[in-house]
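Encoded as structure tokens, the structure appears first; notes follow it.
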Amino acid sequence: MEKLVAVCKGGDKAAQRAALQRLYRSTKAWNPPLESMIAAGAVPMLLEVLKTEDKEIQSNALSVLGQLASCSNGAATVVQAKTVPVLISLLSVAREKLCEEDAVWVLAADNTSFQDAVLSAGVMCKEA
């Protein structure tokens with residue numbers, strides 16, 4: 001995981017895309033290595049990668065963040081990294097529907113603590 005995270009931090013866009021795709025595929029495994037991803041610094045790296053103008057890289061980063069936000073330990077890490085405001089800002093500047101939809105998918109992660117953070121940020125109103 002550390003090597004993949006390091007490659008994602010590098011400047012080679014093709015290598016970043018490939019590494020992000022491998023990270024995403026690993027989240028879909030039978031026993032995904034989410035803890036080792038988190039320990040390797042994946043969440044801060046993914047937030048940094050979201051600043052790129054490359055929509056494919058952004059989409060891949062959002063896919064990995066969505067998987068991490070859906071698990072209990074990952075959701076706490078994603079919330080603590082202040083991901084929700086980054087995702088909200090990405091929605092306001094998204095130039096392509098794909099990244100906008102990916103950001104919404106992460107914000108709608110199936111995890112109560114992550115959903116609470118999204119509601120606290122005022123993204124949507126809590127149903128009465």
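- Taking all atoms of both residues into account, the shortest heavy-atom contact from Thr52 to Lys13 is OG1-NZ, 3.2 Å.
- Here the side chain of Ser59 pairs no donor or acceptor atom with the backbone of Lys55 at under 3.5 angstrom.
- How far CD1 of Ile57 is from CG of Leu20: 6.5 Å, rounded to the nearest 0.5 Å.
- Other residues, nucleotides and ligands place no more than 12 heavy atoms under 6.0 Å from the NZ atom of Lys82.
- Heavy atoms only, all atoms of each residue included: Val5 and Ala40 are closest at CG1-O, 3.5 Å.
- In this structure, the side chains of Ile38 and Val78 stay at 4.5 Å or more apart for every pair of heavy atoms.
- Between Val49 and Asp54, the closest side-chain pair of non-hydrogen atoms is not below 4.5 Å.
- Ser26 approaches Pro33 most closely through the heavy-atom pair O-CD, 3.3 Å.
- Not a single donor-acceptor pair under 3.5 Å links the side chain of Gln16 to the backbone N or O of Gly11.
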Subject >> Asp12 vs Val7, side-chain contact (heavy atoms from CB on, under 4.5 Å): CA-CA, chis, key distance, verdict >> reply: CA-CA 8 Å; Asp12 180 345; Val7 170; over 6 Å; no

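- Separating the CG atom in Leu68 from the OG1 atom in Thr27 is a distance of 7.0 Å, to the nearest 0.5 Å.
- Counting only residues at least two apart or on different chains, no salt bridge (charged side-chain N to carboxylate O under 4.0 Å, His left out) pair has a member in residues 21-32.
- Checked against salt bridge (charged side-chain N to carboxylate O under 4.0 Å, His left out), Glu35 has no partners two or more places apart in sequence or in another chain.
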Original post:
Please walk me through it: do Val84 and Ile88 pass side-chain contact (heavy atoms from CB on, under 4.5 Å)?
Top reply: CA-CA 6 Å; Val84 173; Ile88 293 169; 3.7 Å; yes

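- In this structure, Leu47 and Ala81 approach most closely via the heavy-atom pair CD1-O, 3.4 Å.
- Pairing each heavy atom of Met1 with each of Leu23, the nearest pair is SD-CD2, 3.6 Å.
- Contact of the Pro32 side chain with the Gln67 side chain is not registered, since no non-hydrogen atoms from C-beta on lie closer than 4.5 Å.
- Using a 4.5 Å heavy-atom cutoff, the side chains of Met37 and Val43 are not in contact.
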